[in-house]
Amino acid sequence: GQNIDQPTEMTATEGAIVQINCTYQTSGFNGLFWYQQHAGEAPTFLSYNVLDGLEEKGRFSSFLSRSKGYSYLLLKELQMKDSASYLCAVRDRSNDYKLSFGAGTTVTVRA
Amino acid sequence: ETGVTQTPRHLVMGMTNKKSLKCEQHLGHNAMYWYKQSAKKPLELMFVYNFKEQTENNSVPSRFSPECPNSSHLFLHLHTLQPEDSALYLCASSQGTGKDGTEAFFGQGTRLTVV
């Protein structure tokens, strides 16, 4: 498998910043995706990284280091509606380019 | 609304029942997927269809039977399930598969409980 690891839970205060780390092991890395999933709802696409560096999209940013097998999702100016599960997924050539998902990180934003 | 619609949203069935899950995508995509999501576990890919042809069966037990009559519709037929099959079943679609495939768009899922 792709051994995708991310923390199970994180808690942060409204207005703060939270960083969700994701580590992975692949033999043919071909992209990393972050999804957001609110309870009882569909996972929705947040970001895609295939080259090293930071991709910024409003309050959310995603970083990738291929040499370290590491990514993070940065959520800034946290809002209550950001309380959700965040899923890291990796696409791998050696797995026929199928997506492999981590178990997800549940983020709770408190007032 | 992601453009992928699943019905029913909730389903309770006995181990001897036969039921079907339905998925429809309105995005013009050519690939559709079934995933299983159990609590605290990663999403598990079950089946992949590309242009209506099944390209992946991820060692799924035969009590799960997929059907893809066209690129917009996907079914998952269920029979003689076990309690451990209780989970959230997610349908997804994408434009293409493989290295050039776009991100997947997910439906809201069917919460299945087997009693």
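Order of the sequence lines sets the chain letters (A, B, ...), proteins ahead of strands, with each chain counted from 1. Computation of the quantities below employed the complete heavy-atom set of this structure, encompassing side-chain atoms and omitting hydrogens, waters and symmetry-equivalent molecules.
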A.B. asks: Given a strict heavy-atom distance threshold of 4.5 Å, which part of Arg111(B) is in contact with chain A: side chain, backbone, both, or neither?
C.D. replies: neither
A.B. asks: Within a 6.0 Å radius of atom CD on Gln54(B), are there more than 12 heavy atoms belonging to other residues, nucleotides or ligands?
C.D. replies: yes
A.B. asks: Report whether Phe45(A) and Met32(B) are members of the same hydrophobic cluster (ILVMFWY, side-chain heavy atoms less than 4.5 Å apart, transitive linking).
C.D. replies: no
A.B. asks: Taking side chain as everything from C-beta outward and backbone as N, CA, C, O, which of these in Glu9(A) sits under 4.5 Å from a heavy atom of chain B? Side chain, backbone, both or neither.
C.D. replies: side chain
A.B. asks: For residues Phe106(B) and Tyr35(A), establish whether the separation of their ring centroids is below 6.0 Å.
C.D. replies: yes
A.B. asks: With chain A, which of Gly109(B), Cys91(B), Ala92(B), Gly107(B) has the greatest number of heavy-atom pairs at distances under 4.5 Å?
C.D. replies: Gly107(B)
A.B. asks: Taking Arg91(A) for the side chain and Gly101(B) for the main chain, is one N or O donor matched with an acceptor at less than 3.5 Å?
C.D. replies: yes
A.B. asks: At a 4.5 Å cut-off on heavy atoms, which part of Tyr48(A) comes close to chain B: side chain, backbone, both, or neither?
C.D. replies: neither
A.B. asks: Determine, using the 4.5 Å side-chain heavy-atom cutoff (strictly less than), whether Leu32(A) and Phe101(A) are members of one ILVMFWY cluster.
C.D. replies: no
A.B. asks: Is there a path of hydrophobic side-chain contacts, each under 4.5 Å between heavy atoms, that joins Leu112(B) and Phe47(B)?
C.D. replies: yes
A.B. asks: Given 3.5 Å as the limit, does a donor-acceptor pair link the side chain of Arg93(A) with the main chain of Gly98(B), or not?
C.D. replies: no
A.B. asks: Working note: Leu87(A) + Leu43(B), criterion side chain to side chain contact (heavy atoms under 4.5 Å, CB included); need CA distance, chi angles, decisive distance, verdict.
C.D. replies: CA-CA 9 Å; Leu87(A) 312 178; Leu43(B) 267 73; 3.9 Å; yes
A.B. asks: Could you walk me through whether Thr44(A) and Glu103(B) pass the side chain to side chain contact (heavy atoms under 4.5 Å, CB included) check?
C.D. replies: CA-CA 10 Å; Thr44(A) 55; Glu103(B) 69 273 20; over 6 Å; no
